[in-house]
Amino acid sequence: MSDAPDSLSAPAGRFSFCPNRQVDILLKALLLLVATVFLLISWYAHPSGDDWAFAHDAETEPLLPWLWNYYLHWQGRFLSSTVLHTLYRIMTPMTASWVMPIMLQAGWFATFYAGCRILLCPGRDRWTAFWAAMLLHVLYLAGLSHPREAFYWVTGTVTYQIGLLLYAWAALLLFKWQMSARTSHLWAGGVLTVLAATYCEIQAIAVLGTLFAFMAWTRYGNGRWDRRLIIIAIASVLGAILLVASPGNFARAASDARNYALGIGDIPAGIGNTARLFLKWTLDPRLWAATILLAPLLISSVARHPRRNWPLWTGYLPFVLFALLLPGILMVYFGYHRILVPFRVRNALYAMYLIYWFCACAWWIVCLRSEWTAPARLPGFLTTAAALVFMAAVALQGHFPRAARDLAVRAHAYDATCREQYTRIRQAIAEHRDTAIIPQFINPPWTLRMFYLEEPECNINTEMAVYFGIPRIAVDRMPVKDDFDPDGF
């Protein structure tokens with residue numbers, strides 16, 4: 001064992017996850033490598049599916065008439081739809097497909113960094129917050145159900161991930177308001193709360209539940225209800241109602257009543273799938289290893305705050321909220337698709353799970369700790385073992401090995417195939433042909449490929465054809481599909 005400083009006593013710039021210097025250096029190098037691989041592969045992402053449809057609408061229709069029609073006849077996510085429409089007014093789908101993954105990954109790291117600065121590392125140097133945020137960032141990347149639907153498919157990214165960032169920043173600002181009592185933090189957090197509750201129904205329940213829990217927390221601590229929070233809560237509820245009660249939601253359901261029907265048999269199926277996802281995430285060794293590595297900072301942060309005699313049962317609140325959230329979403333999606341909930345929704349649920357997990361950890365420390373006069377330390381062998389487990393789990397299985405292989409071997413060929421497709425379509429248009437024959441993907445990168453192109457009547461082909469302004473797009477060979485599910489369902 002080395003005599004390197006531990007995470008609590010390290011001077012500025014020398015934060016360590018564990019006392020073994022060699023293991024600590026390897027862990028930090030792996031964190032940087034994983035984040036870099038997922039960032040670099042963004043350059044090879046290309047539009048797919050609904051990306052073409054939204055881009056065509058943005059280039060041909062003004063925002064407000066299109067949004068009103070969309071809200072009345074398709075679905076109520078008017079905020080995310082506004083973002084997509086505006087995005088494609090600013091840039092082409094080819095540009096957006098690599099710009100958005102970079103922006104979203106940078107946004108998540110900035111969120112984790114701000115969270116660590118506010119919650120885990122108050123008063124500490126920036127390097128401590130940097131490495132803690134990098135650990136959380138890699139934990140999120142590694143635990144996603146599928147990175148493609150989180151970052152590399154613009155429609156899914158804008159629809160789900162941006163709303164989660166709004167949710168996370170709203171929670172951080174409201175907590176910051178509790179610490180600083182600055183009204184600007186309260187109203188900024190309130191605006192983001194309303195936007196998050198109105199953005200997407202997936203996190204609307206979580207946003208409202210978190211807001212109500214926060215209101216109860218302030219009521220318990222201050223002895224009265226804060227009227228400003230009540231105003232924020234009313235606006236958030238109205239926004240969520242506007243989102244869910246959209247005529248387009250009902251019109252879409254009526255147009256495909258068979259798929260949208262929710263039978264009694266879907267209820268146990270949804271609950272069973274909820275339990276499986278919950279168990280899978282909870283038993284993930286990467287989660288437990290990251291929790292152990294961050295525990296010294298968490299304990300130290302909690303020890304800085306005045307002790308309050310919170311009831312022990314409040315430690316269950318984050319998990320109660322999540323347990324109430326998951327079955328409803330999974331049952332609805334199971335009833336609609338007759339399959340498991342899509343990866344993009346599972347990714348959103350996993351992000352909320354991580355938030356609730358670390359909230360519960362902090363809450364139990366608050367509830368169970370005695371009056372500490374100095375920050376507690378975990379045994380060195382425990383943090384070293386946690387670092388080794390985390391490195392092995394991230395490096396040897398899951399998304400990172402696939403992403404690294406894709407970046408090194410498959411991404412360039414996939415990018416070249418996509419560009420060849422665009423060239424052939426433009427040649428067919430220049431030659432006034434009705435059908436463009438384009439190459440099919442061969443061994444496409446698992447990290448990036450969203451859809452295969454199929455027969456000309458397939459909606460994936462037709463959306464692409466409509467964007468380019470050609471009647472039909474066909475492929476020179478039919479795809480050999482793989483239905484690999486990384487979650488093992």
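Quick note: numbers below take in every heavy atom, side chains included, and nothing from hydrogens, waters or symmetry partners.
Side chains of Y356 and T210 form a contact here, defined as non-hydrogen atoms less than 4.5 Å apart. Looking at T447 and R148, their side chains never come closer than 4.5 Å, going by heavy atoms from C-beta outward. For the pair S236/L211, a side-chain contact is recorded, criterion being any heavy-atom separation below 4.5 Å from C-beta on. You'll find the side chain of Q161 reaches within 4.5 Å of the side chain of L164, heavy atoms only. Using a 4.5 Å heavy-atom cutoff, the side chains of W446 and R405 are in contact. Using a 4.5 Å heavy-atom threshold, the side chains of T193 and V207 count as touching. Residues I425 and I438 are in side-chain contact: their nearest non-hydrogen atoms beyond the backbone lie under 4.5 Å apart.
Using the six-membered ring where Trp is involved, W52 and F468 have ring planes that are tilted, between 30° and 60° apart. Using cut-offs of 30° and 60° for the angle between ring planes, the Y353 and Y350 rings count as parallel.
In terms of heavy-atom proximity, E420 sits nearest to P439 at CG-CG, 3.8 Å. Here the closest heavy-atom approach between residue V475 and residue N461 is recorded as CG1-ND2, 4.4 Å.
Among the candidates W98, F441, Y422, the single residue satisfying the ring-ring contact (aromatic ring centres under 6.0 Å, His included) test with H46 is Y422. Checking F278, W288, W281, Y140 one by one against W357, the ring-ring contact (aromatic ring centres under 6.0 Å, His included) holds for a single residue, W288.
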Report task. Begin from the C-alpha positions of F78 and W68 and carry the test ring pair (Phe, Tyr, Trp, His ring centres under 6.0 Å) through to its verdict. Result -> CA-CA 8 Å; F78 59 92; W68 181 246; over 10 Å; no

Requested in this report: Show your working on side-chain contact (heavy atoms from CB on, under 4.5 Å) between F400 and V138 and close with a plain yes or no.
Outcome: CA-CA 10 Å; F400 171 65; V138 171; over 6 Å; no

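Of the possible polar contacts, one joining the S246 side chain to the Y71 backbone as a donor-acceptor pair under 3.5 Å is found. Proximity of a side-chain donor or acceptor of S97 to a complementary backbone N or O of M94 within less than 3.5 Å is detected.
By the 4.0 Å N-to-carboxylate-O rule, R419 lies close enough to D415 to be salt-bridged with it. Between R346 and E149 there is no salt bridge, since no side-chain nitrogen of the basic residue lies less than 4.0 Å from a carboxylate oxygen of the acidic one.
Side-chain N/O atoms of W153 and S48 include no donor and acceptor closer than 3.5 Å. Between the side chains of T157 and Y152, not a single donor N or O lies within less than 3.5 Å of an accepting N or O.
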Under 3.5 Å, side-chain donor or acceptor atoms of residues 31-42 against the rest of the protein: list the pairs with distances, not counting sequence neighbours.
{"from": "T36", "atom 1": "OG1", "to": "L32", "atom 2": "O", "distance (Å)": "2.6"}
{"from": "S42", "atom 1": "OG", "to": "F38", "atom 2": "O", "distance (Å)": "3.3"}
{"from": "S42", "atom 1": "OG", "to": "L39", "atom 2": "O", "distance (Å)": "3.0"}
{"from": "S42", "atom 1": "OG", "to": "Q105", "atom 2": "NE2", "distance (Å)": "3.3"}

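Listed by first and then second residue, the salt bridge (Lys or Arg N to Asp or Glu O under 4.0 Å) pairs that reach into residues 52-63 come to none, sequence neighbours excluded.
With values rounded to the nearest 0.5 angstrom, L186 atom CG is found 6.5 Å from D226 atom CG. One finds the CE atom of M352 at 9.0 Å from the CD1 atom of I205 (value rounded to the nearest 0.5 Å). Considering OG1 of T462 and OH of Y467, their distance stands at 15.5 Å, rounded to 0.5 Å. Interatomic distance, L243 CG to Y199 OH, rounded to the nearest 0.5 Å: 11.5 Å.
Scanning for side-chain hydrogen bond (donor to acceptor under 3.5 Å, both in side chains) contacts around T95 gives T92, with sequence neighbours left out.
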